[in-house]
Every structure is written in C-alpha cells, then in structure tokens.
Number of protein chains: 2
Amino acid sequence: MKAEPMAAAGAGLPATTGRGRPRSAAADSSIVETVLRLLEEGTTLGELSMERIARSAGVGKATVYRRWANKDALLIDVMRAIDEPLPPLAGTSVREDLVVLLEVIRHRGLAKRSSAVMRNVIGVIQSSPQLWRQYHDTVIRTRREAMYAVLRRGMRTGEIRDDIDVRLLVDLFAGPMLSRALLYERAPLEDGLSEQIVDAVLEGVRPSGHPASRRP
Amino acid sequence: MKAEPMAAAGAGLPATTGRGRPRSAAADSSIVETVLRLLEEGTTLGELSMERIARSAGVGKATVYRRWANKDALLIDVMRAIDEPLPPLAGTSVREDLVVLLEVIRHRGLAKRSSAVMRNVIGVIQSSPQLWRQYHDTVIRTRREAMYAVLRRGMRTGEIRDDIDVRLLVDLFAGPMLSRALLYERAPLEDGLSEQIVDAVLEGVRPSGHPASRRP
DNA sequence: ACGATACGAGACGGGCCCGTATCGTAAGTA
DNA sequence: TACTTACGATACGGGCCCGTCTCGTATCGT
C-alpha cells in the first residue's frame, strides 16, 4: 500500500499566504503514513511521541509542529486518513446489505492498521475523550447509521421484526464481528463469517421444533 | 469499596526467609488498589509509571520494586485482583444460564474499574502480548469456556441448534454485550439487556411468517 | 538485646520527551 | 534578483521516568 495523497492534512495551522516555499506534500503523507506504520507494528498511542514520529518519518520536529499543534491534532488527521467510504448497498434484500456492512467490519479487522487504530482508540476513551469522539463520529457513526437505515427498511418490508430496538439489532449483528476483531491480534475473521452471523441472527439459534420457540 | 485482602500479591520475588521485618500486607493492597483507582480515573496503561504508582499509593519506590520487577509483573497481579469467580449456574434451562453469564459481562462493563482494565489491555495486545495472554487466560477464557459448556449442553437437550459452530454461538451472545461495554464510556448496559440479547439470538430477528424463514 | 529485613523518602545518573529556537539550505513568489 | 517561507538537523531548558542506592526508622525472629 502506498501513501495516498489524502488532501491537505494539516487542519490545525493554515498555510497562510502563497508566498515563500510551499509546504511539502511528501512530508504530510510521510508523517501520517509513519504514524500508521508504527501503530501497525504494535506501538501504543502512549509510546508514540512527536519526536519519535519525526525521527521515523525522516523529518524535522519543526516540520511536524508546523502542521499540527500537538499529538492529538495529528492523530485526528491520521484517523481521517484511514476512513474509507462505505460501498454502495444493493438495497434488494436486507440480508445482502447486512452482509455487505459486516464485510466492511471484517476487512477492517483483518487490516492490521485499522484494527490497531481501533484498539488503541478504545483504550483512550476516558483519557482523551475528544480523540475518541472524533474517531466515533468519523468512523463508527457512519457505519452504524447505515445499518440503522437498512434495518428500518427491513422493518417496513417485513424482513425484520419491528418489536426490537433498532440499536439492539445493530449490536446483535455488529457485536459478534467487532468483538472478534478487537479481542484477538490475529482475529478469527474467516471468509463467510459475515453470512454466518447474519443468517444465525436472522433465523435464531433455537431449533425449529423446540417447544419454547415462538413459532407454532 | 474497601481494599480486599487479595492474598499475597507479589508473585515475582518471594519473601525469602522468615527473619527480619515482614512485608507489609497493607502496602501490597495499597499498591494494587492504587493502580485500579488510577485506571478507573482514566489513566492510560502507558501513563502509569512505577514512580507515579508509588507516589499515589504513598509508598516508597523501593517498596514497589521489592515486590514486582517491572510494571508488567505488577499489572499481571492487578488483573488477578479483579478476577472474580463465576456465579453458580442453575443448569435448569440454557436460557437462564446464558442470561446469568451475560449479566456477569454486563456488571463488569458497568464497573468502571473492570471496564477500564479491559479497554486498556485490549490496546496492548500487540505491544505486550504476555500481559494480554495473562488477562485472556485468567479473565476471558474461564467465562468463554463456561458458555461453551452451557451451549453444548443445550445442543444435547435440543435447546440449541447443533449445526452452528459453538465458538460462533458464544460470539453471537457475548459479542453484543462486549461491544457495548467496550465502545462507550458510559456504556448503555441497562437492566434487562441480557434477557433481550439472549431471547433475540435464540428466536431470531426475522418475523415469524416471513417467506424466507426456515420455519414453514 | 541484636541482627535482619522492611519501611517512606528521596538522591542519583541516564534516558526520552516536550515545545521552541536557531542553524544553513532549498524552493517558491514578486 | 530580492524576499519569504519550508526544509532537515540539532541545541536548548525543563520535566518525568527508570532502576538502584542510601538514609534514618520500624518491626520482626532469635
């Protein structure tokens, strides 16, 4: 994977006027890419220092501080960099759309860099709530709302029970995939897992003929 | 909550012979309790330093190093300290037992100190795999195996489908609760959530009469 | 009483980090 | 060309931390 262009990273300090030597776009992406690489290699957010980032990126400290005022500001842009748009949903069946959305989580869990970011950000919910909020708003919320929409549509079309809280439904589908992605370094996210989860949650895990089943 | 006695903490260095002044049990528990309090207050594992721990516990650094060789050794004992035995399972119905096991997760998620530990340890899977393994083996594995047992029993008694991988079943039940406990500081772990999850996963979220349902 | 060990406190040398400033140089605009 | 800004490198004072060691004191076995 090569360094994506990722637009102008430094949201903190604007590049003022157009005079003088322009900011190096290569430095931008080198810094962001280096942070992702370090996290991917197992570095903890706490072990990440501006000094180490600059050193690893082959860049002067001033070049980093010229773009970001502190580590949190840099990390926020790093999180923006790994945000990828959701694939389009076919919209034909709820099952298919749910599988697509779970596949997104599965692939992000398999990608070391995104799973490392997610695990690290979770550990920082209390200590850097602003960083967490940024991650939640850019990465989590979008996917969650997409699943809301699919499930609500399913309630209208009769594909999904309408007597269960939509937020609980989201967790029933996403939770199993998320916990597998989070709790293991080499996550057991095998092919076909999305379909297995979706089908099992849709159908239920009680045998058809069991007396306690709500189906006659 | 007061400092529990928690047995002899220092697994690292044995107290050699019985001569001389004995180790202070109060220091033992004060140190462990202080670590838990700091984590509970939002301190990151990376921000925890032996120096800060000693200072916060009102203890000399030597007193800490006399018991634990380094931070990881201390943290391993801290994790042992929050390990609580599972409640007995009634064994009458699979549903009841699953609810009990999910209630354990729910209460641990609501308790700030255990959820803080869990979130922090997750962030350290790659950087301190030995610490993670300790947490996994003492805290996670036990509960997971208890759920295995319940589900396998359910397969024998006909309360649970036997055509789904038991490991997947565990994640279907535990995943929703875990992801809620991990992804939010004030986790939405309301009363009755365990029952809702268990029942929804057992029954399925497809309406009874839906054409795609596997029930005729 | 006496020797042994633990205690809290803190000094110690060495290390990494913070955020800023200053080099000489490079790459743009006017 | 003159001016302006960015570049990598590195020095700076200040801070926290590591793990060890040394105080003077406390609390045990013998």
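Being a predicted model, the structure only gives us computed values, none of them experimental. Order of the sequence lines sets the chain letters (A, B, ...), proteins ahead of strands, with each chain counted from 1. Keep in mind that the numbers below use all heavy atoms, side chains included, and drop hydrogens, waters and symmetry copies.
- A search for salt bridge (Lys or Arg N to Asp or Glu O under 4.0 Å) contacts involving B/Arg152 returns nothing, not counting sequence neighbours.
- Of the side-chain N and O atoms in B/Arg66, none sit less than 4.0 angstrom from OP1 or OP2 of C/dG8.
- For A/Ser128, the side chain to side chain contact (heavy atoms under 4.5 Å, CB included) partners at least two apart in sequence or on another chain are A/Asp72, A/Val124, A/Leu131.
- Partners of B/Glu84 by side chain to side chain contact (heavy atoms under 4.5 Å, CB included), not counting sequence neighbours: none found.
- With sequence neighbours left out, B/Glu195 forms a side-chain hydrogen bond (donor to acceptor under 3.5 Å, both in side chains) with no residue at all.
- Using a 4.0 Å cut-off between charged side-chain N and carboxylate O, B/Arg153 and B/Asp97 make a salt bridge.
- Scored by the side chain to side chain contact (heavy atoms under 4.5 Å, CB included) test, A/Ile105 finds A/Ala174, A/Met177, A/Leu178 as partners (sequence neighbours excluded).
- For the pair A/Arg23 and D/dT5, the criterion of a side-chain N or O lying under 4.0 Å from OP1 or OP2 is not met.
- Partners of B/Glu47 by side-chain hydrogen bond (donor to acceptor under 3.5 Å, both in side chains), not counting sequence neighbours: none found.
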What's touching nucleotides 25-30 of chain C from the protein side, N or O pairs under 3.5 Å?
| residue | atom | partner | partner atom | Å |
| --- | --- | --- | --- | --- |
| C/dA26 | N3 | A/Arg21 | NH1 | 3.2 |

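- Checked against salt bridge (Lys or Arg N to Asp or Glu O under 4.0 Å), A/Arg180 has the following partners two or more places apart in sequence or in another chain: A/Glu190, B/Asp171.
- Residues that satisfy the side chain to side chain contact (heavy atoms under 4.5 Å, CB included) test with A/Ser115, not counting sequence neighbours, are A/Arg119.
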Completion exercise
Its dot-bracket string being built from Watson-Crick and G-U pairs below 3.5 Å, with | for another strand and [ ] for crossing, DNA chain D has the pattern ||||||||||||||||||||||||||||||

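- OP1 or OP2 of D/dG8 sits under 4.0 Å from a side-chain N or O of A/Thr63.
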With the criterion being N/O to N/O and under 3.5 Å, what pairs connect the protein with nucleotides 17-22 of chain C, and how long is each?
| residue | atom | partner | partner atom | Å |
| --- | --- | --- | --- | --- |
| C/dC17 | OP1 | A/Ser49 | OG | 3.1 |
| C/dC17 | OP2 | A/Arg55 | NH2 | 2.6 |
| C/dC17 | O5' | A/Ser49 | OG | 3.4 |
| C/dC18 | OP1 | A/Met50 | N | 3.1 |
| C/dC18 | OP2 | A/Met50 | N | 3.3 |
| C/dC18 | OP2 | A/Glu51 | N | 3.0 |
| C/dG19 | OP2 | A/Tyr65 | OH | 2.6 |
| C/dG19 | N7 | A/Lys61 | NZ | 3.0 |
| C/dG19 | O6 | A/Lys61 | NZ | 2.6 |

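- Applying the side-chain hydrogen bond (donor to acceptor under 3.5 Å, both in side chains) rule to B/Arg133 yields no partners; only residues at least two apart in sequence or on another chain are considered.
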